[in-house]
Structure formats: structure tokens, C-alpha cells
Amino acid sequence: MRFSDLISVLKTSDSQLLSYDLGSDPQLLKGASLDQAEKNQISFLEQGNSLASELLTSEAGAILLPANNELRLIAEQKQLAWAIVKDPRLAFAETLELLHPPKLPTKGIHPTAVISADVSIGNDVSIGANVSIGARSKIGAGSHIHPGVVIYEDVLIGEENEIHANSVIHPNTCTGKKCVINSNAVIGSEGFGFVPTTQGWRKMPQTGYVELEEGVEIGSCSTIDRPCVGKTKIGAGTKIDNLVQIGHGVKTGKSCALAAQVGIAGGAKLGDGVILAGQVGVANRAVVGDRAIASSKSGIHKDIPPGEVVSGFPAIPNRLWLRCSATFNKLPEIAKSLRDLKKELSL
Amino acid sequence: MRFSDLISVLKTSDSQLLSYDLGSDPQLLKGASLDQAEKNQISFLEQGNSLASELLTSEAGAILLPANNELRLIAEQKQLAWAIVKDPRLAFAETLELLHPPKLPTKGIHPTAVISADVSIGNDVSIGANVSIGARSKIGAGSHIHPGVVIYEDVLIGEENEIHANSVIHPNTCTGKKCVINSNAVIGSEGFGFVPTTQGWRKMPQTGYVELEEGVEIGSCSTIDRPCVGKTKIGAGTKIDNLVQIGHGVKTGKSCALAAQVGIAGGAKLGDGVILAGQVGVANRAVVGDRAIASSKSGIHKDIPPGEVVSGFPAIPNRLWLRCSATFNKLPEIAKSLRDLKKELSL
Amino acid sequence: MRFSDLISVLKTSDSQLLSYDLGSDPQLLKGASLDQAEKNQISFLEQGNSLASELLTSEAGAILLPANNELRLIAEQKQLAWAIVKDPRLAFAETLELLHPPKLPTKGIHPTAVISADVSIGNDVSIGANVSIGARSKIGAGSHIHPGVVIYEDVLIGEENEIHANSVIHPNTCTGKKCVINSNAVIGSEGFGFVPTTQGWRKMPQTGYVELEEGVEIGSCSTIDRPCVGKTKIGAGTKIDNLVQIGHGVKTGKSCALAAQVGIAGGAKLGDGVILAGQVGVANRAVVGDRAIASSKSGIHKDIPPGEVVSGFPAIPNRLWLRCSATFNKLPEIAKSLRDLKKELSL
């Protein structure tokens, strides 16, 4: 597309176009980072971005900029095509969507798919090779089921879902509209519930189910367990990265973001907008308030108030943790200093 | 079922029925937590359960209680159907089994399954769509192989196993009776063994195999590696949650419980009844004694004596760790206090 | 094979044969650890190996030894077949390769594989049951694609790759020669990139791809994400264990080794020969220098210089961390000692 085509779109976008110069109105083929971009490529900078110094030497054909006069002057001197927007990252997302419209699989059901006779399939669905769908399941209109997916019986897949290859959906799972389940994820597997007896562990039947609300995305090789009774629920718009474990009966609010290798133990509750960085753990039944944030590798053992930023293990407020960690690195000195002091005082 | 049907079963159960009142002998359709239960649903309480206060307002039709007169009085006042048992959690597990008898897949071999000519298949086996089974493997009587499972050659699956969708079993793996392998798990993959050479890493052939003893359960997306020589062995009745890594040559005892995202490095040994909470790591060749417990995120670097409860990283006895962690949060104060003291003494 | 056959091979091997005695030139069937070995089995010892004391009582038929006179004398007294080599571990790897030549799948395409018409397939390829390969993908000569693998469109698989069962390769991924992708791994899945908006998280299109250079190996259930723009690159000869997450746009150097459950966040860079032990995390955009090593569970938050050995969270130099950790375990004593001192001085 031409840069001018992009400008037409940005004029009505939430990214808020503030000013622009079409330059030579270059033909754009793809996006690239500023240090890698070539002449038919477009890049972006955010306020404070460490790549800003690359703008002078970049060969990008076009650039999306924040409201920053210095950057604008460089772009003008280089006679680049440029646009200043309030949210360059959002504008870049829109740009990439225009450059790379999603390639949808061919509609229809591949002849090798094995689908129970009583499965209900909406309009405009694609079902790939070697998919298996169990009795009484329903696939909402416009959904794409990639090759090798196994959907057990009594599953409800909402409209416009995308379910990637070789993922597995267990009985009674239901998903809202526009969910994405990435490759090799497992949804609705039985929770890890066992009763200790004198003869060893006895399985607690896991009779509940998993609900993904609208717009939920689940990463590759992530696992969402169903509970003993009731449901495990992932709130609308929540995004979950790869290799994440969601235990039985967990409830998350809306628009949470859980990075890779997070583990949430059974019965824990997250509010809306919670952000958990990589490898964070949340203990059984802990309650994490709305918009709380945990930095990577935190271990949350007890309730966290809304808006709190926590770190460490057990997790404490981030500011305190930063100071404690800094002091931890001086522990040998502190211990020696105390010993010396006692010696000097002959105590 | 009627509550009276349940009472008949509990009379001979290990959960030890102590007393009961049939009330209106309600029809029970499913189990539920006390705060969610409706009138055709049954719930349970354990001694000290935080939901006990909900009993007064619960709409559950029936309840399993511990030996607690206060709870009993409330149940009597509400004219609930109730039973007092020594182990309410076990009784609830039995109740759910009665309410939800396992739905077994249809026996027989799906026509799309690809099975080598010399595979041996026991009686009453079900093999789902698109399963692949390699040469010389054996499937024990009464086992269920769900769709998409790949069993390589020379695998021995015991009797009454359940192997969930899209999991993969590598050559020479053998499983005991009544094992469960959950979806997308990988059993018998090659251990991570490489020899450093001047030309880079050279693979150490992994010629061993994995043995799961009777009653072992492996979680979704968990991986159990085979060793260079000998075997990796998971002891009878051991339960392993999702996304767990078991390295090459690990041996676990009987009735261990390993929570999600635990990682056990090559050659480590766990005794009987070891419990590892979520995200625990065990280092190469470490030996963890019988009935030792590690709390979540612990890092076990050296041998742990039997019965010990450990925490932290590197793991130390839990009681010590609790005190050290509490002091860690006061490190900035401690450092300041020491500085002030030295200043005051003009040292 | 006979021990003498092995000696013939070792004579030209990099493991550097120094001396040997054929003994009774035993027939060797397999390798075993010294404490498990039987008479038709061969074992090895390295300098300082804790199993050395087992040599006296071992029933192994043959043994590979380091240059150690004491061990040699024992082997001679026992009239074992023995060889002294400079690198016994490497020699043992060669021995196992001779005893267990890789069993390659039958060449050819299984009739149940679903392969787009425009896929290009090299010579001597095997493609297993229920494999799915998308449009325009290419499979290099001598590669083995095991059952259930899903390869999306526009994928380039190099020569002599082995791709294990049920793994998934997303569009535009390319792999070098002799790569190994283990079971249920996911390569080229979309990076976890979302833009915060007032309506929640908006997906940043992930238009990049993943490149695995020659000789890369990826563990079971590991996930390698593609980036928004550009590529995620795993350098030649790098070995990645199970359940590892590689975020969008990560670059690793050559011959790195990443143990199980490592997580590397988006944009991080590893130099050549970096070793990360189990459950290590590397933060967004961190740069880890050549040959740096991180011990298990480390959390790398900032750049690490070449050759550094780090531990802890946040990661600090290993030697410092060992001293700090040791002092951490004495924190309650230190705090008490300080309190007592102040009391005694009546401050």
C-alpha cells in the first residue's frame, strides 16, 4: 500500500493522527524495526525509545512518530514520509494489519476430519485435516479449527474462534466469541485433585468445566484445568501467553495479561486488568486485586490489594523489594561490619 | 440419586459414616461448593473450612459434615439431609463418583487409527480417531487411547490405562496398570544429554527408557525424559500435575505428588510420599527423603532428609526460611540501624 | 559388537585412546551405569566420578576410564576389558552410537498424510501417519516427519531434520540442516504482543518468523515465538531442553544450552556458548554475553558480561550470591545480635 492509504486509515483511528508529511508517498511492503528497515518498509518510534538515535541513519521509507519535535525535524530533513500520532504503537499495529491481512484457512470441512454425527457446525467454518470432534459439540459460525485439533464431546466453541493445530479441548468447555487457542494448548483437562488415604492418593472427580469469555487468547502449550465442581473462568479480553498453568477453579477478571510460564494454583482469583510477568506463581486461593502487577518470578502467597505492584518471593511491594534486594547483595559486608563492631566494643 | 442411596454406599466406605439424617431424602444431581449449591446439589465441609459460615444461608439440598456439633445443629435446624463422616473430603469424592460415573469411550478401534500389523491389543480397548501405534507395541486390556495419540514402536501400555488426546509415547516406554496420561504429555522423549567438544555439543545417545508403575498419573503437557542408560522410573501411585519436567534417569518413590511446573533435573531421586508444590526445582542427582515436602518455588540443591519441610532457594528448613524471609523484608532498616549505631559510636 | 571393534573406532576418535587391554574381548550388547552393568555391558568413569568406588564390585564386562592409575590397576586385577581415553564421556557417547544405531522410520509418505499439492519434498524423506503440510512448504532431503506433525504453509524444513510426533511448525519458519524438533514442541507461534487501549488489549500483528540454524535441537513442549517484525533466531548448534519458552524476537548465539523450563522474554539476546540452567528467566531485551552461565532459577534482569557466572534473583555474580545466600540463612541471628548490641549500649 501507499503511505497515503495508511494516512487515510489513521485519520479515523484511535491512535490519533496529529500531523504528517507524505514525502514521496512510498509504496510500503512490510513493517520493520528502525535499525533493520529498508526503503519499502515502515517503522515506528515511541517517546523514550532507545532506537531513536537510529532515525538519522535508518533506511526506512516511512516512520510513525510520537509528538516530538526533534524526531520530526530529523524526519523532515531526511524527506521521509512521516506521521505523528498520539499512540505510535497502536498506529503500528493498525499498519501491520493493513499490510498483512490475516490469511484465513479455506472454508469447509477437510475430508479427513472425524466429526460425530450430532455435532453442530455454524456457517463459514473451516475444519482442518485430521481434526476430531466429539458428540454433541458445537462450532460457532466463522470459526477456524486447524489440523490435528481434538475437541471432546459436549464442547461449545463460540463464533469466530481460531483454534490452532494439535490443541485439545475437553468436555463441557465453552468459549465466547473471538477466542484464540494456540497450538498444543489444553483446555478443560482435569484439575489436580486427590484425597490422601491410607492406600495413597484417591482421585477427586473433576466434574466442573472451563469457560473462556469473549476475546480470550490462550498461548501454545498452556493448560487450563477444570475444577471438582463449578467452573474455571477466564474473563473477557484476558490474554495468556505460552506454557501457563491455570489451576482448577481459578477465576480471572477481564483484560488481564499473564506472561509465559505463569502458574496459578487452584481457587485463586484475579481481578480485572491484572498483569503477571513471566514465571510468576500465585498460591491456592490467593486473591489478586484489580490492576495489580507482579514482576517476573514473583511468588504471590496471600491477597494483594488493587493497584499494588509486587515483586519477590514471597511477594512484597515492589519499592520495598527493590531496596531489600539491593541490601541483600551487601549482606556479607553487613554481617562483617556487625562482627567488627562487637569486637571493637569487646562484647 | 437419592441421598439414601448415597448413605447406603457411605455405610461401607473408608470415609467412616458416624451419623446422618435423611431429611426429605432429596434427589441429588450434582456436587457444588457450599456457596454455589442449589437444592438438588450436595456439598461438603471439612473441619476448619472457611466456608463454614455459609452453611446458614446455603441452599444445598444435602451436606457432608465433619464431626462438629455446631455444624450439625445448623443442618438440623435447616432440616437438611446431612451425614457426619470422619473424612468428608473422601466422602465427597465417593459422592461425585456416584453422580458422575466415568463416560468411557466406545470400545473398538476407529477406522482412521493407523496401527502397525504386529501391534498387540487386549480386550475391551478403545482406540480413537487418528491414533498412530508403532511396530511391536502392546496395548493392555481395558485401555482407552484418545484421538490423536502417537505411540511409537516397542511401547508397552498396561491394562486399564487412559491416554488422553495428542499425547506422545516414545519407544520402549512401559506403563503399569491404571495409569493416566493427560493430553499433550510426552513420555519417553530423549534426555537432554550432550557432551561438550571443541566442535560444540555432541549428543549422548539416550538409549534408556521410561517406566511408569501402577496408578501413575501424568499431567497435560508434562514431559518425562528417558536416560542415556537404564531407566527413568515413576513409582506406583505417584501423581504429576501439568507442565512438569522429569529429567533423564530420575527415580521417584511411591505416592509422590508433584504440582504444576515442577522441574526435576537428571538423576535426582525422590523417596516415597514426597510432595513438591508448584514451580519447585530439584537439582541434578539431589536425593529427597521419604515424605519430605517442598513449598512452592523452592530450589532443592542438595539432599533433603526424610520428613523435612523445606522452602526457599536454595531450599532450607521451612521454619528457618519463614523467619529469614520476614527479616529480609526489614533489611533496609537493619542496615540503617547498623549505620546509625556506628555513627553514634563515632567508629 | 566385540570390545575390539570398539577399540578400532576409538583409535581415530576425538576422545583420544591412550591405552587399552582387550581382556577376553567381550561381546557388548549395551551401555549401563557402573553400579547396574552386567557382563555384556560397558560402562565408563570420569575423573572424580562418585561411582569410582563401584569399580571393584561392578559386573560390567568392559569399562572406559580416565587416565587414572588406581582405576587402571583395579581394571587389570579384575581382568576387565578396559580402555583409557582422554575424554571417557565422549568415548561412551561414541560407544552407544555404535551399539544403538539410530532406527530411522521407513522412507516414503504415509497414505494418511495430508500434503498440499505445491509442497516440495526432497529425496529420502519419511512422512508419518496423519501428518499435515500446508501450501508452498518444503521438506529437505533426508528429513523425518513423525506422525501427527502439523506444518503450516510457507515453512522451509532443512535437510536431515527430525521432527517428532505432534509438534507444530507455524508459517514462514525455516530450519537449517540436521535440526531436531521434539514431540509437541511449537515453533513459530505468534509472539505475545498486545497494545493497551481503552477497550482492552489489542493484538499487535506478529508478522515475523522463526529461524533455527543448523544443528539446533528443541525440546518437547517447548515454544519458540515469532516476533512482530523481523525474526526470532536460534544460533547454530544451540540445544534447548523441554518446556522452554523463547519469546518474540529473541536471538541466541551458537552452541548455547538452555535447560528445561527456561523462559526468555521478548527481544533478549544471548551470545555464543551461553548456558542457562533449569527454570532460569531472562527479562525483555537483556543481553547475555558469550559463554556466560546462569545457575538454576536465576532471574536475569539486566545485561550480563561475557564469561560471567550468575545466580539468584535478580541475578548477581555467583560467588557473591553464594556468600549472600549463606548470610541470608543467618538473618534472624544477625537481627537479634544487632538488637542485643543496641540494648547493651542502652541506645
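Hydrogens, waters and symmetry mates play no part in the numbers below; they use all other heavy atoms, side chains included. Lettering follows sequence order; numbering is per chain, from 1.
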Item to check | Validation row: A:Thr327, B:Ile334 side chains within 4.5 angstrom (heavy atoms) | outcome: no
Checklist entry - To the nearest 0.5 Å, what is the distance between SG (B:Cys256) and CH2 (A:Trp201)? => result 9.5 Å
Item to check | Contact listing (chain B partner; residues 226-234 of chain A; heavy atom under 4.5 Å) | outcome: A:Cys228, A:Val229
Next on the checklist: Which atoms of B:Ala37 are under 4.5 Å from chain A, going by heavy atoms: the side chain, the backbone, both sets, or neither?
Outcome noted: neither
Next on the checklist: If the threshold is 4.0 Å, N to carboxylate O, is there a salt bridge linking A:Asp340 and B:Lys342?
Outcome noted: no
Item to check | Contact winner vs chain A - B:Cys221, B:Pro332, B:Ala32, heavy-atom pairs under 4.5 Å | outcome: B:Pro332
Checklist entry - Checking A:Gln245 side chain against B:Asn242 main chain: does a donor-acceptor pair fall under 3.5 Å? => result no
Checklist entry - Hey, mind stepping through B:Leu99 and A:Thr207 against side chain to side chain contact (heavy atoms under 4.5 Å, CB included) and telling me if it holds? => result CA-CA 9 Å; B:Leu99 288 170; A:Thr207 70; over 6 Å; no
Checklist outcome for this item: Looking only at B:Leu90, B:Val180, B:Thr95, the option with the highest number of non-hydrogen pairs under 4.5 Å against chain A is B:Leu90
Next on the checklist: I'd like to verify something: which residue of A:Val149, A:Leu338, A:Val195, A:Thr198 has the highest number of heavy-atom pairs under 4.5 Å with chain B?
Outcome noted: A:Val195
Checklist outcome for this item: Scanning both residues in full, the closest heavy-atom pair of B:Ile240 with A:Phe192 reads C-CE1, 3.5 Å
Next on the checklist: Under 4.5 Å from any heavy atom of chain B, what part of A:Asn284 do you find: side chain, backbone, both or neither?
Outcome noted: neither
Item to check | Heavy-atom proximity to chain A below 4.5 Å, by part of B:Leu243 | outcome: side chain
Item to check | Stepwise side chain to side chain contact (heavy atoms under 4.5 Å, CB included) test for A:Val186 and B:Asn182 | outcome: CA-CA 9 Å; A:Val186 179; B:Asn182 282 288; over 6 Å; no
Next on the checklist: I'd like to know if the side chain of A:Asn166 and the backbone of B:Asn166 have a donor-acceptor N/O pair within less than 3.5 Å.
Outcome noted: no
Checklist entry - Where on B:Leu98 is there a heavy atom nearer than 4.5 Å to chain A: the side chain, the backbone, both, or neither? => result neither
Checklist entry - Just by modelled atom types, is the A:Val262 backbone N or O under 3.5 Å from a matching donor or acceptor in the B:Gln261 side chain? => result yes
Item to check | From CA spacing to verdict: side chain to side chain contact (heavy atoms under 4.5 Å, CB included), A:Phe313, B:Ser311 | outcome: CA-CA 11 Å; A:Phe313 159 61; B:Ser311 298; 5.9 Å; no
Item to check | With B:Asp14 via side-chain hydrogen bond (donor to acceptor under 3.5 Å, both in side chains) - residues at least two apart | outcome: none
Checklist entry - Under 3.5 Å, side chain of B:Asn184 to main-chain N/O of A:Asn184, donor-acceptor pair present? => result yes
Checklist outcome for this item: OG (B:Ser255) and CZ (A:Phe194) are apart, to the nearest 0.5 Å, by 11.0 Å
Item to check | Under 4.5 Å from a heavy atom of chain A, the part of B:Ser220 involved | outcome: both
Checklist entry - Does CD belonging to B:Gln47 count more than 12 external heavy atoms closer than 6.0 Å? => result yes
Checklist entry - Between B:Ser296 and A:His301, is any side-chain donor less than 3.5 angstrom from a side-chain acceptor? => result yes
Checklist entry - Is the closest side-chain donor-acceptor distance between B:His164 and A:Ser189 under 3.5 Å? => result no
Checklist entry - Do B:Asn130 and A:Thr112 touch side chain to side chain, with heavy atoms closer than 4.5 Å? => result no
Next on the checklist: Using a 4.5 angstrom heavy-atom cutoff, name the option from B:Arg339, B:Lys239, B:Glu217, B:His110 with the most pairs to chain A.
Outcome noted: B:Lys239
Next on the checklist: Using heavy-atom distances under 4.5 Å, tell me whether A:Val282 contacts chain B through its side chain, its backbone, both, or neither.
Outcome noted: neither
Checklist entry - Got a second to check how far B:His146's NE2 is from A:Ser132's OG, nearest 0.5 Å? => result 10.5 Å
Checklist entry - Which region of B:Gln36, side chain (C-beta onward) or backbone (N, CA, C, O), has a non-hydrogen atom less than 4.5 Å from a non-hydrogen atom of chain A, or is it both or neither? => result neither
Checklist entry - Who pairs with B:Lys178 by side-chain hydrogen bond (donor to acceptor under 3.5 Å, both in side chains), at least two apart in sequence or on another chain? => result B:Glu160
Item to check | Contact winner vs chain B - A:Gly193, A:Gly249, A:Pro314, A:Gly134, heavy-atom pairs under 4.5 Å | outcome: A:Pro314
Checklist entry - By a 4.5 Å heavy-atom criterion (distance strictly below it), what part of B:Lys103 contacts chain A: side chain, backbone, both, or neither? => result side chain
Checklist entry - Between B:Leu345 and A:Leu345, does a side chain to side chain contact (heavy atoms under 4.5 Å, CB included) hold up when you go through it step by step? => result CA-CA 10 Å; B:Leu345 295 168; A:Leu345 296 168; 3.9 Å; yes
Item to check | Winner by heavy-atom pair count (cut-off under 4.5 Å) against chain A, out of B:Ser183, B:Pro147, B:Ala259 | outcome: B:Ser183
Next on the checklist: Holding to side-chain hydrogen bond (donor to acceptor under 3.5 Å, both in side chains), I want the full list of residues that pass it with B:Arg89, two or more places apart in sequence or in another chain.
Outcome noted: B:Glu46
Checklist entry - Which of the residues A:Lys330, A:Lys203, A:Glu333, A:Gln206 is involved in the greatest number of heavy-atom pairs with chain B at under 4.5 angstrom? => result A:Lys203
Checklist outcome for this item: Heavy-atom closest pair (B:Glu97 atom, A:Pro205 atom, distance to 0.1 Å) is CG-CG, 3.6 Å
Checklist outcome for this item: Heaviest contributor of heavy-atom pairs below 4.5 Å to chain B, chosen from A:Glu190, A:Arg323, A:Arg202, is A:Arg202
